[in-house]
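Here's the structure we're looking at; comments come further down.
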Amino acid sequence: MKRFISLTLVIFTMLTLFACNRQEPAPEETPDNTEEIIDVDVPMSEIETEPLETEPPVVYNTSFVSCGDNIIYYGNVRDAKAAAIPGGRTYNFMPAYTSIKDYVASFDIAYINQETLMCGEGYELSYYPMFNGPQDLAYDLVEVGFDVINIANNHMLDKGGDGLQKTIDFWKTMPVTLIGGYSNKAEYDNVPIIERNGIKIALLSYCEMTNGLTIAAKYDTYIPYLGEADFKAHVNSVKDKCDIIVASVHWGQENVYTPNDAQKTWAKQMADAGIDVILGHHPHVIQPIEWIKGENGNETLCAYSLGNFMAEMAAAGNMVGGFLSFDITKVEGESATVDNVLFEPTVFHFPSNFYNNHIYFMKDYSEDLAAVHGVRTYYKKPINFDMLKGIVRDTISEEFLPEHFKSES
């Protein structure tokens, strides 16, 4: 037993000595290509770091184009009947619009003020001063690309309450948003909101008068007379539901190139109420475009009159109209803005026989066409190409005119 214990002690002693005498291996040298160890005493602000990648904000955009009074006279109807395609509709108005068709169709939203009623069956066609045009026109306007149709104007009661309601009912069958024609007060107060490309647009419509005509009490059909209380109420009803508010307004004095005091007062009140864009018409000539500052610091785009789009009237100024276009842009989480405002002038042309009516971009018009215009050859009134361009330059601020037009100055 003692020998066993002694042997054990010997073995334990030898192992202890071996462990004490064992040398630790030298540390390996750090290769030259290893990462440098960061000194923990260096402030983090001095350490170069890669920026974190963030998603860019979502940007929504939609394009809007508008034009003025589309009025149907006898010459337009006779011309459209002559252009009818065999086996098709009775009236073909499309030839008058072919030069501007692709332009209109290129926008997300296209607005037109359709001045004349379209009462349909049971109503004879009629012209100045009490208008009623063919419903065939509506199909051509839709084909051109117009999808917002305004009918609030001084001629909306030319065929009484029945004629107006039949026009409203007809437009409701078309693939458009109708404004200015309301079957009842509730419909008038239920402001339409359309959405394009993530942008929501509320559409208001008013007219200053209806040529002294009134609607009989038996009709629910509602006339949207211009009034501050109404447009304030409409703005309040939609301001939290849309990105932008556009108002169509039929106002002003015919054949006058400057807005009157009433127009200016209405426009300022609309800007104060929060309306973003005002599309004016009725004077049958163009009037200025301007930005109006609202009481809350907002900027309202106001076109006091877009002039005539198509109308066989008797003076050179009645032939000048134009497209007001703009972009509506919204960065997610921010308010929408109105940008890239442009006025592209147009000329409505008709010769002395009133056939081959046509809407031209002013940039494509010529002195040769002006020389045979019906204003000169039929009405015996002065018109020439320089006069037409001069009307635009004298009325519309250069900031809103296209470069090609300004370069001609």
Side-chain angles (χ1 to χ4, degrees), residues 60-72 89 92-94 96-118 133-153 156 167-183 187-188 190-206 224 238 241-250 276-281 301 303 306 309-310 321-330 336 338 340-344 346 359:
Y60 302 94
N61 181 271
T62 194
S63 55
F64 194 112
V65 70
S66 55
C67 61
D69 302 340
N70 201 59
I71 310 173
I72 307 305
R89 298 190 301 270
N92 175 23
F93 291 89
M94 185 55 71
Y97 300 103
T98 52
S99 291
I100 54 87
K101 181 177 183 294
D102 289 345
Y103 177 81
V104 172
S106 70
F107 289 85
D108 297 313
I109 304 169
Y111 157 105
I112 189 170
N113 174 51
Q114 178 50 46
E115 186 95 356
T116 48
L117 295 168
M118 299 179 187
Q135 291 182 342
D136 283 354
L137 171 66
Y139 296 94
D140 291 322
L141 292 179
V142 170
E143 185 178 341
V144 169
F146 292 107
D147 49 10
V148 175
I149 309 293
N150 175 70
I151 63 169
N153 59 72
M156 66 191 304
T167 299
I168 292 170
D169 292 341
F170 168 68
W171 275 116
K172 286 181 177 179
T173 69
M174 303 297 290
V176 300
T177 299
L178 176 67
I179 61 174
Y182 307 100
S183 297
E187 192 170 273
Y188 169 60
N190 185 23
V191 176
I193 297 175
I194 60 175
E195 183 171 354
R196 298 287 192 282
N197 305 332
I199 301 286
K200 294 180 179 179
I201 304 155
L203 298 166
L204 315 181
S205 179
Y206 311 99
V238 297
K241 303 174 185 177
C242 67
D243 299 302
I244 193 168
I245 302 173
V246 176
S248 171
V249 191
H250 208 77
D276 298 288
V277 179
I278 301 170
L279 305 176
H281 34 86
L301 177 66
L306 295 173
F309 192 53
M310 182 163 72
F323 289 105
L324 177 69
S325 66
F326 50 88
D327 290 333
I328 306 166
T329 305
K330 182 183 71 171
V338 175
N340 303 322
V341 181
L342 185 70
F343 182 79
E344 185 71 59
T346 59
I359 300 166

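Everything numeric here is computed off the predicted structure, so don't read it as measured data.
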Residue pair His250 / Pro224, side-chain heavy-atom distance below 4.5 Å: no

Quick one: does Ile72's side chain get under 4.5 Å of Glu115's, heavy atoms only? no

Quick one: does Leu137's side chain get under 4.5 Å of Gln114's, heavy atoms only? yes

Can you find a heavy atom in the side chain of Asn190 that is under 4.5 Å from one in the side chain of Tyr182? no

Kindly assign one of parallel, tilted or perpendicular to the pair Tyr103 and Phe323, based on the angle between their ring planes and the thresholds 30° and 60°. tilted

Just to verify, which of Ile109, Val277, Val338, Leu324 counts as forming a side chain to side chain contact (heavy atoms under 4.5 Å, CB included) with Phe64? Ile109

State whether the number of non-hydrogen atoms from other residues, nucleotides or ligands found under 6.0 Å of Lys101 atom NZ is greater than 12. yes

Give me the ring orientation class for His281 and Tyr111: parallel if the planes are under 30° apart, tilted from 30 to 60°, perpendicular past 60°. tilted

Any non-hydrogen side-chain atom of Ser248 less than 4.5 Å from a side-chain atom of Ile179? yes

Calculate, to the nearest 0.5 Å, the distance between atoms CD1 and CD1 belonging to Ile112 and Ile151 respectively. 13.0 Å

Closest contact, heavy atoms only, Ile278 versus Val249: CG2-CG2, 3.9 Å

Could you tell me the separation between the CZ atom of Phe170 and the CG atom of Leu117, rounded to the nearest 0.5 Å? 12.5 Å

Which distance, rounded to the nearest 0.5 Å, do you find between the OG1 of Thr62 and the CD1 of Ile328? 6.0 Å

Could you tell me whether a side-chain N or O of Asp136 sits under 3.5 Å from a main-chain N or O of Arg89, the two making a donor and an acceptor? no

Show the nearest heavy-atom pair for residues Tyr60 and Gly198, with the distance to one decimal. CD2-CA, 3.7 Å

Roughly how far, to the nearest 0.5 Å, is CD1 of Ile193 from CD1 of Ile199? 13.0 Å

From Ser63 atom OG to Asn197 atom CG, the distance as rounded to the nearest 0.5 Å: 7.5 Å

So, Asp327 side chain and Thr329 main chain: donor-acceptor pair closer than 3.5 Å or not? no

State the CD1-CD1 distance between Ile244 and Ile201, to the nearest 0.5 angstrom. 6.5 Å

Pick out which of Asp276, Leu279, Leu301 makes a side chain to side chain contact (heavy atoms under 4.5 Å, CB included) with Val246. Leu279

Given side chains that start at C-beta, do those of Leu141 and Asn70 come closer than 4.5 Å, heavy atoms only? yes

For a quick test of reading the model, state the closest non-hydrogen atom pair linking Leu306 to Ser66 and the distance between them. CD1-OG, 3.8 Å

Note, Ile359 side chain near Tyr97 side chain (heavy atom, < 4.5 Å): yes

Is a side-chain N or O of Thr116 found less than 3.5 angstrom from the main chain of Ile71, in a donor-acceptor match? no

Taking side chain as C-beta onward, heavy atoms only, is Asp140 less than 4.5 Å from Asn92? yes

